[in-house]
Amino acid sequence: MSGDKRPSILVVDDDEDVGDVVAAILSDEGYSVSTISDLSGEAFRTALGKLEPDLILLDGAGRHEYGEGWLQAARVHLRDRPVPVIMLTAHAQDAREARAGVSPRAESAAFAAVLLKPFSLDTLVETVSKSVSHSPFNRSDAAEQRRTDSLVTELRAIGATGILPSARRQWATFRLPPDDRIYQLYWWQRQGQYLLGAYSRDGIFDKLGTFWELGDALAACQTRVRGPAPQ
């Protein structure tokens, strides 16, 4: 478990020089800062799951507009643990739209703040200080146990039996009707995803999928309990 109690910040910007400057400024202010320059949805969700930051500075994925950044910000708020997102952009029109917060996509993105490039050092520091989550992700052994206990409760609710949880993190072995195969659901920390699989009767492990959120993995389990839809 990490012993770093500093608020953690994820900076997502395809301009690596900007990312480096922001990281330098915020790390000097006492934050733990990670940066990624790949703005693809998969890279962003992987970094989010692995790091569980307390704040995200999110640049847009479009050359002439904020683009996919709107959707990525909205997805963050649908997670089991939402994270504040600051819009980081050079597009003045998109910045005005986000600040007004009245368009459907602005309401869904629900930015904690907007930083329009170029911004001053003081504006960056003040905006981050006001926006960072005051409920940091708890990585203690006790918190891991609570998450595992919650997983067991949710598995029971969908009909799983013979549940054997891990004492280390969200990881459980269980059976699902009607096939009664042995399933495993595991939080793959290095990839920031949940891995779901099942063993065949001859002991072969069949990987059934990876999921960004626990709810999606449990929904996949529920689908197997219900069986395929009638043709």
Side-chain angles (χ1 to χ4, degrees), residues 1-10 32-34 36 38 40-56 72 75-84 132-228:
M1 300 293 172
S2 172
D4 195 344
K5 301 300 184 183
R6 298 177 297 166
S8 61
I9 297 174
L10 173 62
S32 174
V33 186
S34 300
I36 61 170
D38 184 347
S40 68
E42 182 172 355
F44 173 64
R45 289 191 293 268
T46 298
L48 179 58
K50 289 169 64 176
L51 299 170
E52 284 291 350
D54 302 313
L55 179 68
I56 301 166
Q72 290 178 358
R75 284 173 175 158
V76 171
H77 297 297
L78 297 176
R79 303 177 74 237
D80 293 334
R81 176 185 177 253
V83 180
V132 71
S133 172
H134 297 293
S135 301
F137 187 70
N138 191 336
R139 301 180 187 276
S140 69
D141 290 339
E144 289 284 14
Q145 187 62 58
R146 286 194 295 270
R147 286 191 283 271
T148 299
D149 291 344
S150 177
L151 171 60
V152 170
T153 299
E154 294 188 72
L155 286 171
R156 284 176 179 153
I158 64 173
T161 60
I163 303 170
L164 298 174
S166 166
R168 297 175 62 86
R169 61 177 62 163
Q170 283 179 301
W171 183 5
T173 300
F174 53 94
R175 294 180 182 271
L176 285 176
D179 61 8
D180 208 36
R181 295 169 69 189
I182 296 176
Y183 286 78
Q184 286 188 330
L185 178 57
Y186 175 66
W187 170 241
W188 192 359
Q189 179 69 49
R190 187 174 294 276
Q191 294 298 318
Q193 293 179 300
Y194 289 90
L195 171 64
L196 175 65
Y199 285 92
S200 66
R201 298 190 186 283
D202 56 0
I204 303 300
F205 186 72
D206 180 17
K207 181 179 171 183
L208 302 176
T210 53
F211 306 88
W212 301 110
E213 295 296 330
L214 176 59
D216 295 332
L218 292 170
C221 291
Q222 258 187 317
T223 298
R224 292 184 169 271
V225 170
R226 289 195 301 264

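Numbering of residues begins at 1 and proceeds along the displayed sequence. Please read these numbers as outputs of a predicted model, since none were measured by experiment.
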>> Before you tell me yes or no, could you show the steps for Glu154 and Leu214 under side-chain contact (heavy atoms from CB on, under 4.5 Å), namely the whole-Å CA-CA distance, both residues' side-chain angles and the distance that decides it to 0.1 Å?
In response: CA-CA 10 Å; Glu154 294 188 72; Leu214 176 59; 3.8 Å; yes

>> As an exercise, state the distance from CZ of Arg75 to CG of Leu48, rounded to the nearest 0.5 Å.
In response: 11.5 Å

>> Can you confirm whether Trp187 is buried at CH2, in the sense that more than 12 heavy atoms of other residues, nucleotides or ligands lie under 6.0 Å from that atom?
In response: yes

> Heavy atoms, side chains only, cut-off 4.5 Å: are Cys221 and Leu196 in contact?
Replying inline: yes

> Where do Val83 and Pro53 come nearest, in terms of heavy atoms and distance?
Replying inline: CG1-O, 3.5 Å

>> I'd like to check the side chain to side chain donor-acceptor pair (under 3.5 Å) partners of Asp149; sequence neighbours left out, ordered by chain and number.
In response: Gln145

>> Using modelled atom types and a 3.5 Å cut-off, is there a donor and acceptor pairing between side-chain atoms of Ser34 and backbone atoms of Leu10?
In response: no

>> Looking at every non-hydrogen atom in both residues, tell me the closest pair between Trp212 and Glu42 and how far apart they are.
In response: CH2-O, 3.5 Å

> Which heavy-atom pair separates Gly49 from Arg79 by the least distance, and what is that distance?
Replying inline: CA-NH2, 4.4 Å

> Do the side chain of Ser150 and the main chain of Arg146 share a donor and acceptor less than 3.5 angstrom apart?
Replying inline: no

>> Rounded at 0.5 Å granularity, tell me how far OH in Tyr199 sits from CD1 in Ile204.
In response: 10.0 Å

> Of the non-hydrogen atoms in Glu144 and Gln170, which two are nearest, and what is the gap between them?
Replying inline: OE1-N, 4.3 Å

Show me, pair by pair, the donor-acceptor contacts under 3.5 angstrom made by side chains of residues 172-179, not counting sequence neighbours?
residue : atom : partner : partner atom : Å
Thr173  : OG1  : Gln184  : NE2          : 3.1
Arg175  : NH1  : Asp180  : O            : 2.7
Asp179  : OD1  : Arg181  : N            : 3.1
Asp179  : OD2  : Tyr183  : OH           : 3.0

>> Nearest 0.5 Å, please: how far is OG1 in Thr223 from CG in Leu208?
In response: 11.5 Å

> So, do Leu78 and Glu213 sit near enough that their side-chain heavy atoms are less than 4.5 Å apart?
Replying inline: no

> Which distance, rounded to the nearest 0.5 Å, do you find between the OG1 of Thr46 and the CD1 of Ile36?
Replying inline: 8.5 Å

> Can you tell me how far OG of Ser40 sits from CD of Gln72, rounded to the nearest 0.5 angstrom?
Replying inline: 8.0 Å

>> I'd like to know whether Leu151 forms a side-chain contact (heavy atoms from CB on, under 4.5 Å) with Ile163, so could you lay out the CA-CA distance, the side-chain angles of the two residues, the decisive distance to 0.1 Å, and finally the verdict.
In response: CA-CA 10 Å; Leu151 171 60; Ile163 303 170; over 6 Å; no

>> How long is the straight-line distance from OG1 of Thr153 back to CD1 of Ile158, given to the nearest 0.5 Å?
In response: 12.0 Å

> Which atom names give the shortest non-hydrogen contact between Arg6 and Asp54, and what distance separates them?
Replying inline: O-OD2, 4.3 Å

> Do you know the tightest heavy-atom contact between Pro165 and Val152?
Replying inline: CB-CG2, 3.7 Å

